[in-house]
Number of protein chains: 2
Amino acid sequence: MLSEEKYGLLENELPFLGLANNDMKQKIIQHGSLAKVPKGTVIFDEGSECNTLAVIITGKIRVYKLGESGKEITIYRIYEGESCILTISAILSNLTFPATAVAEEETEALILPADVFKELVNKDEAWRNYTFGLVNKRLANIITVVETVAFKRMDERIAEFLLKKSEAEPDGINITHQKIADELGTHREVISRILKEFEKLELIKLSRNRIEIINRNELLSKVKHIA
Amino acid sequence: MLSEEKYGLLENELPFLGLANNDMKQKIIQHGSLAKVPKGTVIFDEGSECNTLAVIITGKIRVYKLGESGKEITIYRIYEGESCILTISAILSNLTFPATAVAEEETEALILPADVFKELVNKDEAWRNYTFGLVNKRLANIITVVETVAFKRMDERIAEFLLKKSEAEPDGINITHQKIADELGTHREVISRILKEFEKLELIKLSRNRIEIINRNELLSKVKHIA
DNA sequence: CCGTGTCAGTGATAATGTTACAAAACTAAG
DNA sequence: CTTAGTTTTGTAACATTATCACTGACACGG
């Protein structure tokens with residue numbers, strides 16, 4: 001149960017809530033709740049039943065697949081204002097969650113019971129648009145993952161990863177090799193080896209927990225497969 | 001434009017059409033059409049704009065990604081009564097189609113303009129259920145593909161493929177190595193090599209365009225990763 | 001300063017990707 | 001029934017990635 005004021009505040013963070021019709025607003029106020037989970041919390045595990053849907057207000061969630069030997073691959077991330085289509089899919093078809101979801105930061109979310117969500121999708125166009133919008137984004141994500149894993153070489157993928165990361169951390173990326181491996185679905189050794197090569201080529205500079213890009217252009221050319 | 005009788009016939013093949021409300025039926029009759037495409041027709045190409053949605057009446061469509069050097073990987077197939085969520089996704093978000101779709105058999109389909117489909121999804125619960133049901137199936141498909149490509153060994157994947165194929169063709173699978181490679185996202189040589197090994201282990205018998213399974217149990221144990 | 005855990009480096013071997021070519025099996029035309 | 005052309009398969013050789021098994025480096029609390 002939320003308060004009217006809370007709902008008002010949420011509308012700032014989740015603009016599509018403002019588009020919902022009044023009946024639905026009341027539903028959300030009546031049956032919704034807020035939850036805050038600390039960094040590292042496993043939200044869903046492979047095979048979990050989904051009887052609630054979370055809409056992220058602040059924070060970030062990583063959804064990944066676990067392979068045998070502890071290998072992982074990230075499928076996508078859920079950011080503010082989004083929610084998890086795998087959960088939606090699981091709810092709407094009464095299946096279990098086919099992956100693992102973990103909070104990468106402290107994450108705050110609006111929690112809705114599954115049947116409330118079902119009703120929202122059926123009766124409220126704003127929610128439908130929201131839901132289909134998410135489906136689109138995720139599908140695109142996942143297709144990209146398939147393409148990448150199936151066709152691209154690891155050095156290219158690592159270069160791409162570093163360049164993307166460097167946008168958020170322009171003066172040095174703080175990350176372990178293991179994290180990169182989990183991201184890309186390979187082993188730490190492979191990452192270490194290729195990073196070492198990059199260092200020999202003077203594209204990057206390595207230290208513990210840290211990677212500095214020193215030749216951005218050359219790294220870019222790896223991605224574009226020119227070199 | 002369809003006739004009322006045609007619509008009646010379609011209801012047999014596409015049961016959910018019978019659940020649509022009357023307004024929507026009229027919409028479909030008015031704006032829908034039928035199309036038949038021969039085997040091998042490329043229906044969508046990477047980057048195609050989607051302004052119609054096809055619901056398959058008979059036939060089969062393969063949706064795959066093309067990599068550089070002509071490598072392919074199958075993402076999923078569309079069978080009778082289904083339609084393509086990538087098209088749906090492209091329509092609902094005004095994006096282009098992110099893969100290639102080709103008719104594997106002569107395929108007959110009900111064609112709906114994009115805006116009619118949008119309206120159907122918004123106004124008709126039967127269509128919404130149909131659409132979400134498809135989304136679920138495909139998501140599960142695609143996640144499985146990611147998992148498989150990222151974590152499984154090629155011999156296991158080939159064994160699995162052969163066993164699945166053998167259900168439809170119990171006394172010998174008729175297929176080329178290249179087709180298998182396109183299915184699994186690898187090169188023909190890799191398939192040939194591993195099939196040859198399987199033959200040496202007396203799991204299968206190879207001839208041109210043909211694979212016979214002669215030790216089903218051992219092949220199964222490859223899949224289950226016991227051996 | 002010393003353990004203990006986390007992180008990175010590296011060698012060895014197997015599996016898969018990639019390139020290149022040739023042999024074999026089929027097809028169709030003469 | 002041959003011959004030429006096409007499709008399918010075999011295989012060698014080398015590159016890249018996966019996998020296993022360590023060692024060494026660093027960080028932090030005691």
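A, B, ... follow the sequence lines: proteins, then strands. Residue 1 opens every chain.
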Taking every heavy atom of B/V121 against every heavy atom of A/F132, the minimum-distance pair comes out as CG1-CE1, 3.4 Å
Atom NZ of A/K179 and atom P of C/dA8 are separated, to the nearest Å, by 12 Å
Task: Under-4.0 Å salt bridge between B/E197 and B/K200 - done: no
Separation of D/dT17 atom P from B/H187 atom NE2, nearest Å, is 13 Å
Shortest non-hydrogen pair, A/D171 vs A/E212, comes out as O-CG, 4.4 Å
Separation of C/dA15 atom P from B/K152 atom NZ, nearest Å, is 18 Å
Which of A/R62, A/K179, A/K65 passes salt bridge (charged side-chain N to carboxylate O under 4.0 Å, His left out) with A/E72? It is A/R62
For this session: Measure the shortest side-chain to side-chain distance between A/I213 and A/L163 over non-hydrogen atoms and say whether it is less than 4.5 angstrom.
Result: yes
In short, B/N215 meets B/E202 closest at the heavy-atom pair CB-O, 3.6 Å
Across the strands shown, which category fits A/K71 at heavy-atom distances under 4.0 angstrom: base, sugar-phosphate, nothing? sugar-phosphate
Here the distance between atom P of C/dC7 and atom CD1 of A/I211, to the nearest Å, is 13 Å
Here the distance between atom C1' of C/dA15 and atom CG of B/L184, to the nearest Å, is 16 Å
A/M154 CE to D/dT17 P, in whole Å, measures 7 Å
Quick tally for nucleotides 4-11 of chain D: nucleotides whose base has a protein heavy atom under 4.0 Å get B, sugar-phosphate-only ones S, the rest -, giving ---BSBBB
Rounded to whole Å, the CZ-P distance (A/R153 to C/dT18) equals 8 Å
To the nearest angstrom, the CG-P distance between A/D182 and C/dT6 comes to 14 Å
